[in-house]
Each structure stands twice: as structure tokens, then as C-alpha cells.
Colleague: 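Below is the structure I would like to discuss, written out as C-alpha cells.
Please read these numbers as outputs of a predicted model, since none were measured by experiment. In the text below, chain A, chain B and the rest are named by the order of the sequence lines, each starting its count at 1.
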There are 2 protein chains.
Amino acid sequence: MSNPVKIPAFLAHLPLFCEMSPEEIERIAQGTRELHLARGDVLFQRGDPCNGFYVMIHGKVKLALTSPHGIEKVVELFGPGQSFGEAVMFLGKPYPVYAQALTDSLALHIGRNVIVGGIDGDPAFCRKMLAGLSIRLHSLIQNVESISLRSSAQRVIDYLLHDLGEIKEGLDVHISLSANKNVIASNLNITPETFSRILHNLSDVGLIKVEGKDVCIRDIAKLRSYDE
Amino acid sequence: MSNPVKIPAFLAHLPLFCEMSPEEIERIAQGTRELHLARGDVLFQRGDPCNGFYVMIHGKVKLALTSPHGIEKVVELFGPGQSFGEAVMFLGKPYPVYAQALTDSLALHIGRNVIVGGIDGDPAFCRKMLAGLSIRLHSLIQNVESISLRSSAQRVIDYLLHDLGEIKEGLDVHISLSANKNVIASNLNITPETFSRILHNLSDVGLIKVEGKDVCIRDIAKLRSYDE
DNA sequence: TCGCTTCCTTGATTCTGCTCAATGCAAAAA
DNA sequence: TTTTTGCATTGAGCAGAATCAAGGAAGCGA
């Protein structure tokens, strides 16, 4: 069990809290607890009541749904520094998804009370919460867009090119898949089989090279405009 | 052109502003303008900068995306009393969707400035904005869930049963489609043809009766558990 | 009333991506 | 080493929903 005195220091480095006074940070820390998670641990089930939100320190967590037929759909993936559960906390409804650790992880749970308290006196903090929710909403819209309007191959390509900014066009780019392929496939709304086949196709055409979780993009420009 | 003096009165009746003092309402009203829309008018295009959000007074507006191939996907529909665009306003990014009036409509545009100003002094208002965004996020997650995990027939059924609460199980329930069928189909992520066929099937089985935009649900319980 | 537009339906056909079933393969456990 | 376990790949066949192509009906303006 690590020293709880670290919590304020970690909080103070998060964008969400970084402008707060040490006293405020301390107050937030009072409502915060560490969560040490083993791979596979469930943070909460769909339907559980929600009384706070989570911030990842290290490790990886998925938010997912299960259909009546037992099929799982991964809604979002979270890594270090990211937070989730704010919206449900504000709504006061039970969780619409469940959360499970994909690797051994460390997370913070920040209680609703200290947040609601923090909003009252701190407009800057409030704006940040609003901005955070807005970002989440924005990315969900993109999610809907890609599920609705793009083919499975296009979704895979989008995923590979995601946040790859203005990389020098000439060179190969190496990326590493952030989770098992079945998890990524589910997040892209395709089956693992289809995911595998699409990667294979892209390899055959010479646009990428796949080795386990490492993907090497040979030609960004061509990949971007690849029209199957 | 209607009398602008009505704006404060209308604002004061919205959940978002209803607890505000008359002075505050007046301040918000200063940053608000009326929009008289004809059917087909575009409120904003995808990519337009955003400097406020919208509240519907009457009429109907769709938010939609267009794919590179010209296919349209309706993301959300809004009617009287509902608002949209808050998230984009807070993010300061361009609109990720476009908005178009489906019928002659009247809407209010509330400028970003007066809202941001309002947040600073009014924690209750801030909480309401947070709650509003949270609801939007929640409904988008449900959207993703239904697109990802449910068949087209199930989505149609969900739509028909949507916000139908605890209606007496025994009686027929009449509902009226809130927009043209192709708009609803797009919102459900199916083609108009598929939508038509599904309604037809459900009719054949005796679960519903369709007459133009009026749908009569003959047996809610059976429809709910219909497993095709 | 006629013609026109807009919206909806219906049928035939195609195709994308899924299901089912084996098999491969590498790392961990025994 | 051998066995086990968890992922990943590959193939064959299928099915849900889209596309393509005509019609039909209802509302509207002239």
C-alpha cells in the first residue's frame, strides 16, 4: 500500500485540478481513495450506483456493454491521466456501462461530495469540468460518425491514423496497439476476425506491416486516401 | 417579427434558467436573439465556428452528418424546449455536425459570453449546465449501444417504445412519428426501405398498426419482448 | 382538376461483415 | 520438456441490411 500522502501531489498535476490552491487540493484529496486493481478486476458493474469518478494513474481500463446475447461492445478505453465517470456522477443515475481493468492498474476514486462542493466556490474548476464533459461528448459523436458512415476498413484506418498529427510524410511510422486485438476490434465495432483480415489486406497492399502489437505504417498519405 | 420583450419570459420558463433572478435573466436575454427559420434553413454548417447555443421554441431541427459519399446520418432531433450546441460552445471548436430546420421553426440563440459570465457567479446554474451535458452524453451512449448491439428491428421497436413509461398494458397506444420516415430511419441508422419493411413486418404480426405517421401499438408487452 | 413534387413502399439482387469451426502459436505453468 | 491457456489467424458459408430500380399515394399549387 503506497503512502496516501502522494494523492495531493498527483491531483495537483492533473489539468482538472492544477489551478487549485493547496487547501482546495487537500480538501479534494480528503474525498479521494486509491484503487489497486489486478487485471480483470471490475471497478463497477452496469447498474451500480455512482458516487464519484475515476482518474487513471497507470494501467488500462475499458468501459463496455454486454448485449442480451452476451456480446460485448467496448465503448471506451482509458489510460494514465484520463478520467471517466464524471457524467454519470452528475446525473445521479446508475452506470450505463461496466468498467474492467485490462492490466494491473492504479486509479483514484474521487467522491462526488468534494467535487460538488468544489464547484460552488470555484468557477474555473467548473469550467474545466464542463470542458471535460464536452470533450467526451465530442469524441462520442465522432464514434457515432465512424460507426454510422464508415466501412470497417475505414474505421481500422482511422484508428491507425488517429492522433498521428503532422508526421513527416516520408518516413515509416511505428505504432503499438494499446490493447489486445479483440478489445480494439470491439471498440471499432467489428469482430476480431474482420479486424485480422483487414490488417492482413492492408499488409498485402504494402501500406502497413504488422508484427504482433507493433504496426508499421509504410505510407501515411496512401493509407489516408485508401479507398479499399 | 415578434416582440423581443418576450425573450426574458421564455427564458425564465426553461429548466436551465428557471431559478435565476430577474436581473440575471435580463442579462442572459441581452445576449439572446430570436431566429425565425423556414423549413430547410440551415442554422450552421459543419465546420462553422460556434459562439453560443440554441434553444427551440417551436418547430423541429435535426443535427446531421454527411459522409464523403454524400450519405446523411441524422444524429439527433430537437423539438420545443430542447437545447443543443452547449458542448461545442464550451469546447471552442467548430461544429462537428450541421443543423437544419425540418419545419418552420422559432429558436433562440444564446451567446457564449453571457453564459460564461453566468457560470462565474452562479453555482446552481453551473450545476444545471453540467447536468444538461451529462444527459446528452448519456443519451449518446444509449445511441452507441443500440447501433452496436441491437438489430435494426430491435432499434425500431426501441424507438416505438421510447419514453412510453408505465402505460396501462391492456390498451392500444397511439403515437405519432415526430418527423418524416426517412429522417427517423437515418436516426436509427437504417435505410428508409428497411424501416418501411420492418414496420410492415410488425404490422403483419399484429403488434402494431401503421397509418401514415400514426402508429398504433396493439400489444406493448409482446412488442417489448419481440425476438424476431 | 391536372400536373408536380415529395414521400413512401415493394421487389430483385448484391455484398459487407458475421458466424462457425479449425488451426496456429507463443508465453506461462507444470 | 510437455501441457495448458489465451490470442490470433484463416477458411467456408450465411444472413442482415444495403443498393438499385420501379411504382404508388398523398398533398399542393396553378
Colleague: In whole angstroms, how far is the P atom of D:dG16 from the CG atom of B:Leu149?
Modeller: 17 Å
Colleague: Compute the centroid of each ring, for A:Tyr54 and then for A:Phe44, and state whether the two points are separated by less than 6.0 Å.
Modeller: yes
Colleague: Please check the phosphate of D:dA17 (OP1 and OP2 only) for any side-chain N or O of B:Ser152 closer than 4.0 Å.
Modeller: yes
Colleague: Looking only at non-hydrogen atoms, find the nearest pair between A:Lys209 and A:Arg218 and report the distance.
Modeller: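 Residues A:Lys209 and A:Arg218, closest heavy atoms: CD-NH1, 3.5 Å.
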Colleague: Ignoring hydrogens and geometry beyond distance, is the side chain of B:Arg197 in donor-acceptor contact with the base of D:dT19 at under 3.5 Å?
Modeller: yes
Colleague: Is the shortest side-chain N/O distance from B:Lys181 to OP1 or OP2 of C:dT9 below 4.0 Å?
Modeller: yes
Colleague: Please report the distance, rounded to the nearest Å, between NZ in B:Lys73 and P in D:dA18.
Modeller: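 Rounded to the whole Å, the gap is 11 Å.
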Colleague: Tell me the interatomic distance from A:Lys213, atom NZ, to D:dC7, atom C1', rounded to whole angstroms.
Modeller: 9 Å
Colleague: Does C:dT10 have OP1 or OP2 sitting under 4.0 Å from an N or O in the side chain of B:His200?
Modeller: yes
Colleague: Are any of the side-chain heavy atoms of A:Leu133 and B:Leu137 separated by less than 4.5 Å?
Modeller: yes
Colleague: Check the phosphate of C:dC18 against A:Thr191, side-chain N and O only, distance under 4.0 Å to OP1 or OP2. Yes or no?
Modeller: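 Result: yes.
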Colleague: Please examine the side chains of B:Lys181 and B:Lys213, heavy atoms only from C-beta on, and report whether any two atoms are closer than 4.5 Å.
Modeller: no
Colleague: Using whole Å, what does the distance between atom C1' of nucleotide C:dT16 and atom CD1 of A:Ile147 come to?
Modeller: 16 Å
Colleague: Hey, which sits more toward the 5' end of DNA chain C by its nearest nucleotide, B:Phe195 or A:Ala153?
Modeller: B:Phe195
Colleague: Answer with base, sugar-phosphate or nothing: what part of the nucleic acid does B:Arg39 contact at a heavy-atom distance below 4.0 Å?
Modeller: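 The residue B:Arg39 makes sugar-phosphate contact but no base contact.
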Colleague: Rounded to whole angstrom units, what separation is found between the CD1 atom of B:Ile71 and the P atom of D:dA17?
Modeller: 17 Å
Colleague: Any side-chain heavy atom of A:Leu35 sitting closer than 4.5 Å to one from A:Leu108?
Modeller: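 With C-beta onward as the side chain, the pair stays apart.
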Colleague: Quick one: is B:Asn182 getting a side-chain N or O under 4.0 Å of the C:dC7 phosphate, OP1 or OP2?
Modeller: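 It does not, given that no N or O in the side chain of B:Asn182 lies less than 4.0 Å from OP1 or OP2 of C:dC7.
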Colleague: Separation of B:Arg150 atom CZ from D:dA17 atom P, in whole Å?
Modeller: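 Rounded to whole Å, this separation is 13 Å.
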Colleague: Would you mind reading off the distance between B:Asn201 atom CG and C:dT10 atom P, rounded to a whole angstrom?
Modeller: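 Interatomic distance, CG of B:Asn201 to P of C:dT10: 10 Å.
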Colleague: Within this structure, what is the CG-to-P distance between A:Asn180 and D:dT5, rounded to whole angstrom?
Modeller: 18 Å
Colleague: Using a cut-off of less than 4.0 Å, is there contact between a side-chain N or O of A:Thr194 and OP1 or OP2 of C:dG17?
Modeller: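 Indeed not, no polar side-chain atom of A:Thr194 lies that close.
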Colleague: Of the listed nucleotides (D:dT9, C:dT9, C:dC18), which one gets closest to any side-chain atom of B:Ser196?
Modeller: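 From the listed options, C:dT9 comes nearest.
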